[in-house]
Structure formats: C-alpha cells, structure tokens
Number of protein chains: 2
Amino acid sequence: MTVDAETALAHAPPGHKDELRLWLRLLTCTTLIEGEIRTRLRRDYDTTLPRFDLMAALDRDPGGITLGEVSRRMMVSNGNVTGLATRLEAEGLVERRARPGDRRAQLLRLTPKGRREFARQSAAHEGWIADLLAGLGEADRAALFRLLGTAKASVRAALSPEDP
Amino acid sequence: MTVDAETALAHAPPGHKDELRLWLRLLTCTTLIEGEIRTRLRRDYDTTLPRFDLMAALDRDPGGITLGEVSRRMMVSNGNVTGLATRLEAEGLVERRARPGDRRAQLLRLTPKGRREFARQSAAHEGWIADLLAGLGEADRAALFRLLGTAKASVRAALSPEDP
DNA sequence: CGCGGATTCTTGAAGCTTAAAGTAATCGGC
DNA sequence: GCCGATTACTTTAAGCTTCAAGAATCCGCG
C-alpha cells in the first residue's frame, strides 16, 4: 500500500461507470413510472401529463400565478407554457387575466371546471403512484427520499455558478 | 390504544402523500440531470439526447440490432425509432441493412463515422454524469443504486400482468 | 423626462413523441 | 399448400418541447 498502489489507482481509467449506472437506473425508474401515468391519464381522463402538470402547478394558488412562475415550477421553457395554457384555456380549464399594475404579465388560474377536473385527476394520480411504489416499505421510502435529496443537492451545486 | 385508535386510522384519509413526494423528488432529479445533458449535447456536439440514446443502444452490437430491439431498449414507440433512424441515417451515423432470412426486419448499426462520433460523445457524457453526481459519496451511491433497484422492481411488479 | 437594459410573454422552425392505422412478411396448423 | 394470426416496420395526426428571435412593458438612472 505504498506508491505502487497509489500510482495504479491514479493511472486507472477514469472509471465513472458507477455514476453512469446509477443515472441509468434513475432514468429507467422515472421513465417507467412516467410512461404508466401518461397512459392512465389518457385512458381514464383523456388528458396528458403536461396538461396535468400545469394544472397541478396552478392548484395551490387560487389567485393565479404568472406564466413565468408556471414555467419555473414545471421546469420547462416559456414558449411551452404559452402553448399549453392556450390549449387548456380553449377547453375552459384555465383562464388568463391581467396582473394589476403590470401589463406584461398575465395571471393564470384554474376555472371552477378546471378545479373540479383536477381534483378528480389528482386523487387518481396519487393512488397510481402509491400502487406503483407499494413494493417499497416505509423505511426504504424514507431512505430513498433522503438520498434523492442529496442527489438533487449535488446536481444543483454542480449547476449553480460559483458566485455567491 | 384500542378500538378508537384503530378506527381513527382506518378512517383517516388514504394519505399516500409520502409516495407522492418521493415520486416528485425522483422526477425532479431526473429532469434536472436530463435537461443539463440535453443542453451540453447540443452545445458541444450539436446533437440531441434521443440521437445519443439511439447510438448508445447500438454501440454494444457491432453486427446491428433490429429497430424493434432498439425500441425495446430505449423504451419508446416503434414509430419513434423509425424517425430517429431515418434522420441519423441521413447524417451517415447509422445504416440499415437487411436481416438475412427475414425481409420484414432490418438491422441497424453504427457506421464507422457514427462509432467515432459516439465514442467522443459518450466519454464526455460519462464525465458530465460523474460531475453532476459528485456530491454523493461511494456509500450513498451504492445505497441509492440498491434502493432504485427495489423501486424499479416495485413498478415492474405493479405493471406486469398477474399470469405466470 | 427619456433612454437603455431587463422582464414577460409570444411566435416560428425544427425536432421529438405517442397512439392508431396501415403494409408487408413470417409462422403455425391443418 | 394455404389461411389466419403474429411480427416488424412505416405512416399519419396531434400534441409536446426547445431554442432563438421578436414585441411590449417596466424600471432605474441620469
């Protein structure tokens, strides 16, 4: 355990295979769940995941939030939200209204119809997720939640610019 | 701690909020990483994640695999692969050829140019992932990998039909 | 005031994605 | 041999997504 071992390690191929495997497994889990949720939303409610996500982003703020805030919460582009909001508005599920004192911004909020629809959908959605993750015990769930928090912090740290 | 407590529990709202929170955190992690990989692939290699994924699916089989097998590995629809393969073929990165003895199927494989390109891209990709997950120690990574395996098994079990 | 930069949102082009329907070839049983 | 079921792929329509460019508005500073 002297210079030789250290040298061997230092010269070993980068070997980030572990991280890669972890990422691929993370991606697989997400893809599996997301695909199933997509299918069920279409089958049972004739809607899509992005529509559901947008309504979820609005649900906690009865007064409405700006399109930009929706974009931030959903982690998608501005233009994306514009299109989604337009389609949902056409279906009477959300409505735009001016933000007092700022003619650039618009507030988006659920209509009563949208609120009813989302209540039904989100109850089913919560049950689906619980079913899919039913194989994890309480302890596993807690541990996984914590570790994913660490992972999230790691990614955010790697992404944030180095200026405090 | 008698009938009353039990009754209270039984009548409590379903309360699958924990599973939901776990799912949302899982989704956030994946979205963050995926978005960054997308951005870097575009910035550094002028390509997209689906293109990269398709090439990755081909990389381990020099003889080529069928479009259907690609579709299974990528967990996307058949039609999706058709379009991706057509675009990559037009760029000279992959090539179609007949599968001997089955005129329905086609084998898809990387061209030498595609192989060179993918080698460059995948090396960078591996480094990016390692960077993003650098905040996780060896033990955390292992634990997370194992728990995600359990989660994956849970989802697959919930999805598979009940006939052995 | 008025101008320059930042913000908020929309538009347009290109590509990705799916579900569903369609075409072609193979396989299995009789 | 042949017919029905299955498999492999493509096509189509609709919607999602991003990036980049553009338009309107707001804010701060001189």
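Numbered from 1 within each chain, the chains take letters A, B, ... in sequence-line order.
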With a 4.0 Å cut-off on N to O distance, would you call [X] and [Y] a salt bridge?
X      : Y       : value
D61(A) : R73(A)  : yes
E91(A) : K113(A) : no
D46(A) : R51(A)  : no
D59(A) : R115(A) : yes

Would you mind reading off the distance between [X] atom [atom1] and [N] atom [atom2], rounded to a whole angstrom?
X      : N       : atom1 : atom2 : answer
M74(B) : dT18(C) : CE    : P     : 9 Å
E34(B) : dC16(C) : CD    : P     : 14 Å
L49(B) : dC16(D) : CG    : C1'   : 16 Å
M55(A) : dC16(D) : CE    : C1'   : 16 Å
L54(A) : dT17(D) : CG    : P     : 10 Å

Self-check item: Between T150(B) and D140(A): side-chain donor-acceptor atoms closer than 3.5 Å
Solution: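 No donor-acceptor contact under 3.5 Å links the two side chains.
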Exercise. Select base, sugar-phosphate, or nothing to describe what R42(B) touches, counting heavy atoms under 4.0 Å on all strands.
Key: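 Answer is sugar-phosphate: R42(B) comes under 4.0 Å of backbone atoms only.
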Practice problem: Using only side-chain N and O atoms of R103(B), determine if any of them is under 4.0 Å from OP1 or OP2 of dT26(C). | Solution: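 So the side-chain polar atoms of R103(B) do come within 4.0 Å of the phosphate oxygens OP1 or OP2 of dT26(C), strictly under.
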Quiz prompt | First of G101(A) and V76(A) reached from the 5' end of DNA chain D, by closest nucleotide | solution =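 Looking at the nearest nucleotide for each, V76(A) comes out on the 5' side.
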Self-check item: Footprint string (nucleotides 1-15 of chain C, 5' to 3'): B base within contact, S backbone only, - free, heavy atoms under 4.0 Å
Solution: ------BSBBB---S
Self-check item: Criterion side-chain contact (heavy atoms from CB on, under 4.5 Å) against K152(A), the qualifying member of I33(B), L32(B), L26(B)
Solution: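 With K152(A) as partner, I33(B), L32(B), L26(B) yield a single side-chain contact (heavy atoms from CB on, under 4.5 Å), made by L32(B).
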